[in-house]
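One structure below.
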Number of protein chains: 4
Amino acid sequence: MNRVQRKRDERVRRILAAAAEVFGERGYEASTLEEVAERLDVTKGSLYYYFAGKDELATAAIETLGTDWTERLEALAESLVDTPRAERLRTLLREHIAIAVLEYPAALRLFLVPDSWPAALRARIRELRRRHDQVFRREVTTGVAAGEFRVVSVDATLQAMHATMSQAPLWCSHLAAEAREQAMDDLADTLLGLVSSPR
Amino acid sequence: MNRVQRKRDERVRRILAAAAEVFGERGYEASTLEEVAERLDVTKGSLYYYFAGKDELATAAIETLGTDWTERLEALAESLVDTPRAERLRTLLREHIAIAVLEYPAALRLFLVPDSWPAALRARIRELRRRHDQVFRREVTTGVAAGEFRVVSVDATLQAMHATMSQAPLWCSHLAAEAREQAMDDLADTLLGLVSSPR
Amino acid sequence: MNRVQRKRDERVRRILAAAAEVFGERGYEASTLEEVAERLDVTKGSLYYYFAGKDELATAAIETLGTDWTERLEALAESLVDTPRAERLRTLLREHIAIAVLEYPAALRLFLVPDSWPAALRARIRELRRRHDQVFRREVTTGVAAGEFRVVSVDATLQAMHATMSQAPLWCSHLAAEAREQAMDDLADTLLGLVSSPR
Amino acid sequence: MNRVQRKRDERVRRILAAAAEVFGERGYEASTLEEVAERLDVTKGSLYYYFAGKDELATAAIETLGTDWTERLEALAESLVDTPRAERLRTLLREHIAIAVLEYPAALRLFLVPDSWPAALRARIRELRRRHDQVFRREVTTGVAAGEFRVVSVDATLQAMHATMSQAPLWCSHLAAEAREQAMDDLADTLLGLVSSPR
DNA sequence: GATGAATGAGTCTTCATTCAT
DNA sequence: AATGAATGAAGACTCATTCAT
């Protein structure tokens, strides 16, 4: 029974990966279950054995991706407890951008789910974002409290960071490897400037 | 003939306004001509009298909206020639955010056109963005040249500004009038911090 | 009033010519009033001033074309009263093929009108064909009566002639000028063979 | 898997039969998938499970019909190797006419495909016609070589034969059984006259 | 568990036709 | 006489969803 369970989990994982890929590339509306199925080399019908429908699949894909992403950032933050605040924030920003650009270039589209979705799903996604937001929010608020960072508004600052990081792939994806690294560095440094406003 | 022409222009203008609204709210894929027609209280078929198809309509809508937006910012910049640089930039940022939040809350979606579009249309949209970008780019570069602004990278700075402004509606739209004004102010001030990096 | 009438007739003639062209090129279903109007540089609506609808226009176009064609053949036959029978028939066949190939390359499609047409229109077209058929039928029957032609069946012979001549454009149209002339000659000579069966 | 395959083939066969019927009756443009579906008592959508679209369906229908037709004639020719030339040709002509009139009364319309079709499909159809043409071309050329037939031009002769046979249903379909048999006989005999031109 | 098949609602698009001006 | 505008019905095509096997 345990082996069965593991096999099913593995199956689900593969489906979610394919789904995240497709939804990311095309956006929710333009994605078709047919394409997801095709990348997995199964038939459309099979997907319904694991997911109740398109919405469920998209939500699960977002959730998986979001959780993975958040956990990696949390782990990174953890490992930098002894690093100076500004340096730690820069590293987190840089890593976030790198994940966005290199691994989930279409996350922006993925998170632009239709307004018509059931409230429950929307709430789920909002929760994901909240947890994701926490990683950076903690850094900013503690930095401000410690007097090392200065911001106009914590909310506005975080919004600017998230917006910029999520759109980064739009600018960086088409660059050559070296230029891309540079662009990502610049972006992280620029965002770091947000927490040290002029007096 | 002149009256006829004016009438036609007016008609086209109204269609474009409705189209921009719908495409903005739903994104390209999820928008239907049916809905555009419904808001105009005409039939789908009528739209085809003025536009060759969904793509053409969307492109025209984007173009109209983009041009209008840019021209308003350009006019505003013009009227502020004697204002101190930082103040002028803040005003432009604030206005941009206001337009985004109050008038084109879904511009972000609107500009995320499908990759499958003909190159010509994509090029047209890119051009629009470029011109739009110029308004802020000029402010930043001249400010840097004058030694009043300091940035890590002009490109990165502008990217951060645009990304943040275009996503502003996602956060501000649901706020009550007063809180919204405050949020927009905070956002503009925060972005202003991007051009005065710490020494 | 007379001048008005003449002007109207002229207008109708031009419309019919354009219509015959379009219906001929595309067949009935694939033809659009828009295209007919375009070739005349007027608007679709104007056509309705002269014709009650697509069917009427098509019928009139067929009728005009058919009458013109028949009359030319009748005139030609008239002018050849003193020519030997076989030679006269050959000339008529050759001329028919030439008109089909060079002037009405799509007559075949044009006459393949939908079965759904009102009986009246279909009857009209049948009548046209009948008169057209008479030109050749007279030649064949008198030739047989005179003992100069020999046929298995007059009907079958005429059917073969008409079928071949109407399909001639399908084979000859794409040929170069010289080869085309040769092909048309061969076709006429071949058809002539139909009236001199072996004993 | 074999049973599944056979079932699918059977399904495809039935669809093609219905499609050939409809396209034949109405011609390409006037045919609708709705009507094809209706005759099969399925929904339009189902057709798309088997064929990519209207073009594909029409092409496949033509191909099936053409191949079947050709193969029957080839088999018939084969079985008549010991029959005198003229008699064999007459039998082939008669059979061709019978198939046209009794089984594919609308083949003429079916083969009048729109010029706008992709070159690949047009080429496919041309190939079908070529193979079909071969059956009669072989008879005529070998007959001529043997000195038993005499023609003005092999091409012109074959064109006349094909044109006449394909239009035969237009004349014969509406006749009563007996008259129809007679008409078909006459037609075959008349066409046979094409290969024995007068000296 | 998975598949092939089918469905039906929805979407884009075309076009004959009507009509006020 | 002619035009611009609008309509509505029809048709091709897509796709999420269902279901028997």
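So you know, we letter chains A, B, ... as the sequences are listed, proteins then strands, and number each from 1.
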Rounded interatomic separation in angstrom, taking CG from C:Leu47 and C1' from E:dC19: 16 Å

A:Gly53 and A:Tyr48 have their tightest heavy-atom pair at CA-CE2, 3.9 Å

When D:Leu40, D:Val42, D:Thr64 are each screened for side-chain contact (heavy atoms from CB on, under 4.5 Å) with D:Ile15, the one that passes is D:Leu40

Looking only at side-chain N and O atoms, does D:Tyr49 come under 4.0 Å of OP1 or OP2 in E:dA5? yes

For B:Val42 and C:Tyr50, take the nucleotide of DNA chain F holding the closest heavy atom to each; which residue's nucleotide lies nearer the 5' end? C:Tyr50

Min side-chain heavy-atom separation A:Leu16-A:Leu65 under 4.5 Å: no

Take the protein atom CD of A:Glu38 and the nucleotide atom C1' of F:dC15, then report the distance between them rounded to whole Å. 14 Å

B:Asp41: side chain to side chain donor-acceptor pair (under 3.5 Å) partners, not counting sequence neighbours: none

DNA chain F contacts made by residues 7-21 of chain B, counting heavy atoms under 4.0 Å: B:Arg8, B:Arg11

Base versus backbone protein contacts along nucleotides 8-14 of chain F [heavy-atom cut-off under 4.0 Å; B, S, -]: B--SBBB

Tell me the interatomic distance from B:Arg3, atom CZ, to F:dA5, atom P, rounded to whole angstroms. 14 Å

Which residues share a salt bridge (charged side-chain N to carboxylate O under 4.0 Å, His left out) with B:Arg39, sequence neighbours left out: B:Glu21, B:Glu25, B:Glu35

Whole angstroms only, please: what is the CD-P distance between A:Glu56 and F:dT17? 8 Å

Heavy atoms, side chains only, cut-off 4.5 Å: are B:Glu38 and B:Thr43 in contact? no

Going from CZ on A:Phe23 to CD1 on A:Ile62, what distance comes out if it is rounded to the nearest 0.5 angstrom? 8.0 Å

d(CG, B:Leu40; P, F:dT7) in whole Å: 10 Å

Dot-bracket summary - DNA chain E, pairs being Watson-Crick or G-U whose distances fall under 3.5 Å, with | when paired to another strand: .||||||||||||||||||||

Measure the distance from CZ on D:Phe51 to P on E:dA6 and round it to the nearest whole Å. 12 Å

B:Tyr104: ring pair (Phe, Tyr, Trp, His ring centres under 6.0 Å) partners, not counting sequence neighbours: B:Trp69

Are any of the side-chain heavy atoms of D:Tyr49 and D:Arg8 separated by less than 4.5 Å? yes

Using a 3.5 Å distance criterion without hydrogens, assess whether the side chain of C:Lys54 forms a donor-acceptor pair with backbone atoms of C:Ser31. yes

Sole candidate of D:Arg13, D:Lys7, D:Arg6, D:Arg14 that passes salt bridge (charged side-chain N to carboxylate O under 4.0 Å, His left out) when paired with D:Glu10: D:Arg13

